[in-house]
Amino acid sequence: MNKILLPIVFAALISTVSFQASPAYAGLDEIIDADGIATPNRGIPGSVEVQEGDPLTSWAGGIGGIEGLDWFDNDLSGTHTLGDDLHLEDPSGACSTSIRDADHDLGLDCKVLDLNNSLVDQQQVDCDFEGASVQGFACPAFNGPNSIKFHDLNGNGVWDNGEDIVLDVDGDGFYTNGQMVAGELLAIDSAALVIGGLQSMSVWMIPTVAGLAGAGVYLVKFRASRD
């Protein structure tokens, strides 16, 4: 009996494999901040101005600027994570009350990003994006995968308050935050992905269920004929 059922089960498994889909997704970049010092939050989606495929500019080499954009690596990971903070501390730029002294002066320096309100007075800066690393800590990557870049909206070659700061996950130097389907770039919808996943699961399960059901029917008939 086992020799008779084995080909049927094997055929069901083969049909399962042939129905599985393998969708290809584009690398998904993340907006770190989109509204500058307007709020200490990310400013998404309302303030986002970067568009799919827009080129991103790197801070590599210390490109300069007058904003005094500094980074606080709160988890000391060397890469930007959700709990890390940003501020401005150059009075020549958008934050006129700031003091450029490589630490956070609470109430004077302007918060760009502080999602959990963790910045404290005199907290030392870990990286000056417009210059070089300070306080002995390394800056995050400015090129390659998981690098921090910005969208130079006005094309002046430096970051200005309010321009989108982006985590370039795939490191290609272009903003990508969509799903590639049949050559067309679509916006990511988490709910749609879940539904799509369930639908694709149901498709490839059909031949399996059918195959196993067929095997069961055959087994019943086989037992009946022997009785």
Side-chain angles (χ1 to χ4, degrees), residues 25-59 63 65-75 79-98 104 106-119 123 125 127 129-130 140-142 145-181 184-196:
Y25 295 97
L28 304 181
D29 298 337
E30 290 287 339
I31 302 291
I32 294 174
D33 186 80
D35 65 354
I37 63 174
T39 75
N41 300 315
R42 296 170 65 191
I44 60 174
S47 297
V48 175
E49 38 79 10
V50 65
Q51 300 293 315
E52 195 73 41
D54 282 349
L56 302 173
T57 302
S58 172
W59 274 285
I63 63 173
I66 62 169
E67 299 290 1
L69 180 63
D70 295 331
W71 177 64
F72 298 86
D73 186 13
N74 290 329
D75 58 3
T79 59
H80 183 80
T81 54
L82 198 59
D84 294 339
D85 299 325
L86 296 166
H87 81 172
L88 300 189
E89 65 159 11
D90 193 329
S92 301
C95 187
S96 60
T97 60
S98 62
H104 182 67
L106 193 63
L108 297 175
D109 295 340
C110 299
K111 295 180 179 181
V112 173
L113 186 68
D114 187 14
L115 296 178
N116 56 2
N117 199 32
S118 64
L119 271 176
Q123 182 173 338
V125 167
C127 179
F129 279 14
E130 297 172 350
F142 291 138
N146 295 312
S147 56
I148 297 181
K149 297 183 174 72
F150 66 95
H151 180 235
D152 189 11
L153 182 63
N154 62 10
N156 66 350
V158 297
W159 181 82
D160 298 291
N161 176 49
E163 290 182 332
D164 291 351
I165 302 171
V166 177
L167 184 65
D168 188 10
V169 175
D170 56 12
D172 66 352
F174 295 90
Y175 180 67
T176 309
N177 191 254
Q179 179 185 12
M180 192 68 71
V181 180
E184 183 179 356
L185 202 58
L186 304 177
I188 288 294
D189 184 329
S190 299
L193 289 178
V194 172
I195 294 171

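Predicted model, so just to flag it, every value in this text is computed and none were measured.
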Begin from the C-alpha positions of Ile165 and Ile148 and carry the test side-chain contact (heavy atoms from CB on, under 4.5 Å) through to its verdict.
CA-CA 7 Å; Ile165 302 171; Ile148 297 181; 3.8 Å; yes
Arg42 side chain to Ala34 backbone, donor-acceptor under 3.5 Å
no
Are the side chains of Phe142 and Cys127 in contact, using a 4.5 Å heavy-atom criterion?
yes
Between Asp29 and Leu167, is any pair of side-chain heavy atoms under 4.5 Å apart?
no
Please tell me if the side chains of Leu86 and Asp70 come closer than 4.5 Å, counting only heavy atoms from C-beta onward.
no
Answer yes or no: is there a side-chain heavy-atom contact under 4.5 Å between Cys95 and Thr97?
yes
Is the backbone N or O of Glu163 less than 3.5 Å from a side-chain atom of Asn161, with the two atoms forming a donor-acceptor pair by type?
no
Is it true that a side-chain atom of Ser98 and a backbone atom of Asp90 form a donor plus acceptor pair closer than 3.5 Å?
yes
With sequence neighbours left out, write down each residue that passes side-chain contact (heavy atoms from CB on, under 4.5 Å) with Asn74, or none if nothing qualifies.
Phe72, Asp84, Asp85, Ser118, Gln123
Does any N or O in the side chain of Glu130 come within less than 3.5 Å of the main-chain N or O of Gly68, such that one atom is a donor and the other an acceptor?
yes
CG on Asp160 to CG on Asp152, rounded to 0.5 Å:
7.0 Å
Nearest non-hydrogen partners of Phe174 and Pro55, listed with the distance:
CD2-CA, 3.7 Å
What pair of heavy atoms forms the shortest contact from Tyr175 to Val166, and how long is it?
CD1-CG1, 3.9 Å
When rounded to the nearest 0.5 angstrom, what is the spacing between CD1 in Ile37 and CG in Leu69?
11.0 Å
First locate atom CG of Asn41, then atom CG of Asp35, and finally report the distance between them rounded to the nearest 0.5 Å.
7.5 Å
Does Phe129 form a ring pair (Phe, Tyr, Trp, His ring centres under 6.0 Å) with Trp159? I'd like the steps, not just the answer.
CA-CA 9 Å; Phe129 279 14; Trp159 181 82; 8.8 Å; no
I need the Leu119 CG to Leu113 CG distance, nearest 0.5 Å.
9.0 Å
Can you tell me if Glu89 uses its side chain to pair, donor with acceptor, with the backbone of Cys110 under 3.5 Å?
no
Any Asp109 side-chain heavy atom under 4.5 Å of Leu88 side chain:
no
Can a donor-acceptor pair be found, under 3.5 Å and without considering hydrogens, that links the side chain of Asp164 to the backbone of Glu49?
yes
For Leu28, does its backbone N or O pair with a side-chain atom of Thr176 as donor and acceptor, under 3.5 Å?
no
Does one side chain, of Asp75 or Thr81, offer a donor that lies under 3.5 Å from an acceptor on the other?
yes
Can you name the one residue among Lys111, Glu67, His104 that meets side chain to side chain donor-acceptor pair (under 3.5 Å) with His87?
His104
Using a 6.0 Å cut-off, check whether atom CD1 of Ile44 has over 12 heavy atoms from anything other than its own residue.
yes
Leu153 CG to Asp54 CG distance, which is reported to the nearest 0.5 Å:
9.0 Å
Might you point out which heavy atoms bring Pro140 and His80 nearest each other, and give the distance in Å?
CB-N, 4.4 Å
Would you indicate whether the side-chain heavy atoms of Ile32 and Trp71 approach each other to under 4.5 Å?
no
Donor-acceptor contact present, side-chain Asp114 to main-chain Asn117, <3.5 Å:
yes
Given the rule in the side-chain hydrogen bond (donor to acceptor under 3.5 Å, both in side chains) test, do Asp168 and Asn146 qualify, once you have shown the distances and angles that lead to the verdict?
CA-CA 5 Å; Asp168 188 10; Asn146 295 312; over 6 Å; no
